[in-house]
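Working notes for the structure below.
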2 protein chains.
Amino acid sequence: MEDVALAAGVSTATVSRFLNSPSRVAKDTAERVQNAIRQLGYRPNVFAQVLMTRKSRVIGILLPDIHGEFYSELLRGADAEAHRLGYHLLISSEGGEGPATMLSSNVVGFMAGLAVMITEPNEQLWLQIKESGLPLVVIDEAIHLNGLDRVLVDNASGTREAVEHLLTRVDSKNMYFVGGPKENFDTAERAKVFVETLAKAGRTSSDDQVRYGDYTVEWGRKAAESLVKKIGPAPLGVLAANDEIAFGIMQAAQDAGIAIPGQLRIVGFDDTRLASLTRPQLSTVRVPTADLGAQAVRSLVDRLANGDRPGTLTTLPTRLVVRGTSAE
Amino acid sequence: MEDVALAAGVSTATVSRFLNSPSRVAKDTAERVQNAIRQLGYRPNVFAQVLMTRKSRVIGILLPDIHGEFYSELLRGADAEAHRLGYHLLISSEGGEGPATMLSSNVVGFMAGLAVMITEPNEQLWLQIKESGLPLVVIDEAIHLNGLDRVLVDNASGTREAVEHLLTRVDSKNMYFVGGPKENFDTAERAKVFVETLAKAGRTSSDDQVRYGDYTVEWGRKAAESLVKKIGPAPLGVLAANDEIAFGIMQAAQDAGIAIPGQLRIVGFDDTRLASLTRPQLSTVRVPTADLGAQAVRSLVDRLANGDRPGTLTTLPTRLVVRGTSAE
DNA sequence: TCTCGTCATGCAAGCCCTTACATCGTATTT
DNA sequence: AAATACGATGTAAGGGCTTGCATGACGAGA
């Protein structure tokens, strides 16, 4: 920077001003500085800059995993939005279990804020997050604290819509919900609304009609094994907590010679790409996954600009997409 | 830091030493410093640290996209390895077209090095990368420069294996290669070896037998339309440049009532999760995708430690996984 | 007992910027 | 013409850390 200043015949202060608030330097000076910079290939040192200004444009994002359609889509949305806002993403897929090295390592210092999604309760991690003292936004979680920004998905309306749709062809006693982990926030919410909606339709449901497992195809297949046995003359209706599970159920059912949607009507959740790749195509509740990431980033950046406003809650809409597995 | 020093009755230098090379401070002093740090909740300021040491532990990773099985798997491998080595990933999915904002923005300064994968030629981007002056590792690319670290996939052996496998049941004149973009490095390599292997089997192949498109399911479906017309009494053999394409072909063929593997035998490439989800399951060439990311990180970190060693080339093995679409 | 190597620590320079404050020349006002 | 305001720039003080060099204490070898 000194070299640039010298070459342009100004002081470093002017160079700095040229860089940060060009309006404050005279036109011809600006030009000389500009040239000097180009000539010398000068690039400001971010670390020195941040050291002074205390403003980094990096956002940490902590996800349970970065693998699979859902998270990679979320990440994509977040990444795109971050770029749009001039921020950058530092990723970590350690929201699974135990503490995250991202948060114990020095890079915490890089981050201006943190977007977190934790699918399974993890005290240790949560503590660590609070200790980091970073501005926070949580994605899709039950946690409710003063001044905390949250982004949620409207599980209730999506679930309700799906259940009501299934009920047009399926008797409520033949309805099943196949969830992910019981402690998982989304699964819990969806299960709850599933039951409520059945109740509203005038039928109480038995515990047997709600099942928990995990978010995998394998669990779907396994769940299907016992489900197919229940199929009688009337069709069964299944709402799965995500598309993976739905797909597993579908596959196992098809292997067992069950007709879809004739004997088994299925609705998934998320509308990942998988849903439109299956045959028949999977009916599913569309979750604006990329938006979830984007909105998280937006909330966070907003908070960074505006530290002490109250916490916000953004709920993103969901909607049923009817395809082959539950169509006529 | 000054506060800590004061509380521990030492100088800041000692605190710094305690943090960076604990062996250089006496045991009881260390303890006092430790306590002071804990007491005051002190955390070193990364920016100041890096400003001094010029060593950031952040690696940029530039991919064409971060969406989809392949990239998210790659990213996962890279992320895991980075963490293992005490590094962190700054992601950008802008390797598509035009310049990348990641590289023009200040965050470049955060990065100690850059891992790049560009699937389509992009002069502008490449220039930008060189200008950044960052230590580099390129993933899966043709570029060959002195002192550049590269990580490749052994396209040749995988392709050869797949073609030879298909040839056991399919006549070489009924063999087809359905590629991604013609300019894409992988597609080009695979196409070349496809032709060579056919030639080695004693048959020359017509241009018609090698087709280019993109890496999508849609392209696969489209390609299948003309392919299924060619099916006579003898089966067709198709090698697709990735699993997505293979899946598209498969789907279109099944929709057209073609028997797989009876009339059409398919082998995909990559062995993404998709491959074992289809029915019949997709035969495919396994690419160690996560390793690809991990190895890129490893090479880069190694170079960071060891700046002026010659460029390395790591080729990761591939191998054919035979499943239903090409089995008996 | 004297000298010297070692170890633990302190001193202070410097990493590269930003910015409050001071300075100076010119334009505006009265 | 004097007083005032303002715009453009320079000066220098940090921001929080690392590290070469200096210091002092202490045990070991001579």
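Per the geometry, CZ belonging to Arg24(A) stands 13 Å off C1' belonging to dG10(D), to the nearest Å. Going from atom CG of Leu6(B) over to atom P of dG10(C) covers 11 Å, rounded to whole Å. The separation between Lys27(B) atom NZ and dC7(C) atom P is 16 Å, rounded to whole Å. Leu51(A) places its CG atom 9 Å from the P atom of dC17(D), with the value rounded to the nearest Å. Taking atom CE of Met52(B) as the reference point, atom P of dT18(D) lies 8 Å away to the nearest angstrom. Atom pair Met1(B):CE and dG14(D):P shows a separation of 18 Å (rounding to whole Å applied). Between the CG atom of Asp3(A) and the P atom of dC17(C) there is a distance of 10 Å, rounded to whole Å. In this entry the distance linking CZ of Arg54(B) with C1' of dT19(D) reads 15 Å, nearest Å.
Between Gln49(A) and dC16(C) there is no side-chain N or O to OP1 or OP2 distance below 4.0 Å.
No side-chain donor from either of Ser132(A) and Gln128(A) sits under 3.5 Å from a side-chain acceptor of the other. In the model, Asp149(A) has a side-chain atom that pairs as donor or acceptor with a side-chain atom of Thr312(A) under 3.5 Å. Tyr215(B) and Thr187(B) share a donor-acceptor pair across their side chains, judged by distance under 3.5 Å alone.
Without hydrogens or angle criteria, Asn20(A) side chain to Ser16(A) main chain gives a donor-acceptor distance under 3.5 Å. In this structure a side-chain-to-backbone donor-acceptor pair under 3.5 Å is missing from Thr29(B) to Val25(B). Panel note: side chain Arg150(A), backbone Ile143(A); a donor-acceptor pair is recorded below 3.5 Å.
Heavy-atom distances under 4.0 Å link DNA chain D to Tyr42(B), Arg43(B), Pro44(B), Asn45(B) of residues 29-47 of chain B, given in residue order. Remark: Val10(A), Ser11(A), Ala13(A), Thr14(A), Arg17(A) in residues 10-22 of chain A come within less than 4.0 Å of DNA chain D through at least one heavy atom.
Note: Phe110(B) and Phe47(A) have perpendicular aromatic rings, judged against thresholds of 30 and 60 degrees for the angle between ring planes.
Residue Arg24(B) places its CZ atom among 12 or fewer non-hydrogen atoms of other residues, nucleotides or ligands, all under 6.0 Å distant.
Remark: Arg76(B) pairs with Glu73(B) by the side-chain hydrogen bond (donor to acceptor under 3.5 Å, both in side chains) rule, at least two apart or across chains.
As judged by a 4.0 angstrom heavy-atom cut-off over every strand, Gly9(B) is placed among residues touching the sugar-phosphate backbone only.
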